[in-house]
Amino acid sequence: MKIATWNVNSLKVRLEQVLYWLEVSNCDVLALQELKLDNDNFPKNIFIEKGYHVIFNGQKTYNGVAIISRYPILDPEYDIPNYDDIQKRVIAGTINGIRIICAYVVNGENVNSDKYIYKLNWLDQFKRYNENNLKVTDRLIVLGDYNIAPEDRDVYNPIEWKDKVLCSIPERKHFKELLELGLYDSFRLFNQNNQQYTWWDYRNFAFKRKLGLRIDHILISESIKKIATECIIDTVPRNNERPSDHTPVVLTITTY
DNA sequence: ATGACGAAATTTTTTCGA
């Protein structure tokens, strides 16, 4: 079973790329972020006609998340419970007995902004949510755009990015605390190399020059770790015409 | 150089993302 995350930066613009990638990647579950459209404009029928199950939590212009699946999606949940957040950043469902949480973590703009405060508060709530989910299931996958580069090796120029948003110590502490709950950064179970990025700025030929950050992640619980066989970053879609600035991350697990 | 590139609404300019 293949489970992937992809920040598409407008599903309207990227719909054909998403449909094509679903076919060629042989992916079973795809978590999408930054739909940038409301629920009324979500192209639900296009996915259903192709045999997918789909749940979505959209918002006009900003944010918006969805899960596309070849298998039925049970117990859908929208947003973080008991957290009054107007922004649509979380959606969850159970697929083949695995609880799947798709998240679009706050960007934070810069470390002196109100949005950064919101990011840190949001991450507090997200931690509580994951802690509670781990109390009720040991089969958990938490994937999405975390907007955090966990370590210096996840950054093309750690000196330039030191203490900047996406790399600051408080953000990295939040990421580490998620791992301390009993989650694993699945990509790092299989790949220890530098320059393994999931996002590249549109400007200044950043992708061609390999100037990126690893900010999209697939975190997995202990039970999923035991059946995980591979986690890769698929950089192919970043070469598309009108690409998203993010590219998919794909986890493979064995299921019986 | 509070810029660049790309998307969307606020639309021929501004706001936001990373």
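Chain A is the first sequence line, chain B the second, and so forth, proteins listed ahead of strands; every chain is numbered from 1.
Straight-line distance from the NZ atom of A:Lys208 to the P atom of B:dC5: 13 Å, rounded to whole Å. Atom CG in A:Asn204 sits roughly 13 Å away from atom C1' in B:dG6 (whole-Å rounding). B:dA4 atom C1' lies 13 Å from atom CG of A:Leu211, rounded to whole Å.
With a 6.0 Å radius and a threshold of 12 heavy atoms from other residues, nucleotides or ligands, A:Asn193 has its CG atom above the threshold.
A salt bridge links A:Glu77 with A:Arg99: the closest approach of a Lys/Arg side-chain nitrogen to an acidic carboxylate oxygen falls below 4.0 angstrom. For the pair A:Arg89 and A:Asp145, the salt-bridge criterion is not met [side-chain N within less than 4.0 Å of a carboxylate O].
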Letter per nucleotide, 5' to 3', of nucleotides 8-18 of chain B [B base touched, S only sugar-phosphate touched, - untouched; heavy atoms, 4.0 Å]: SSB-----SBB
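Comparing the C1' positions of B:dC16 and B:dT10 gives a spacing of 12 Å, expressed to the nearest Å. The C1' atoms of B:dA1 and B:dA7 are separated by 23 Å, rounded to the nearest whole Å. Here the separation of B:dG17 from B:dT12, taken at their C1' atoms, is 22 Å to the nearest Å. Taking atom P in both B:dT13 and B:dA18, one finds a spacing of 27 Å when rounded to whole Å.
With A:Asp216 contributing its side chain and A:Trp6 its backbone, the two residues share no donor-acceptor pair below 3.5 Å.
Two rings, from A:Phe175 and A:His217, have their centers less than 6.0 Å apart.
Side-chain contact between A:Thr198 and A:Phe187 is absent, with no heavy atoms from C-beta onward closer than 4.5 Å.
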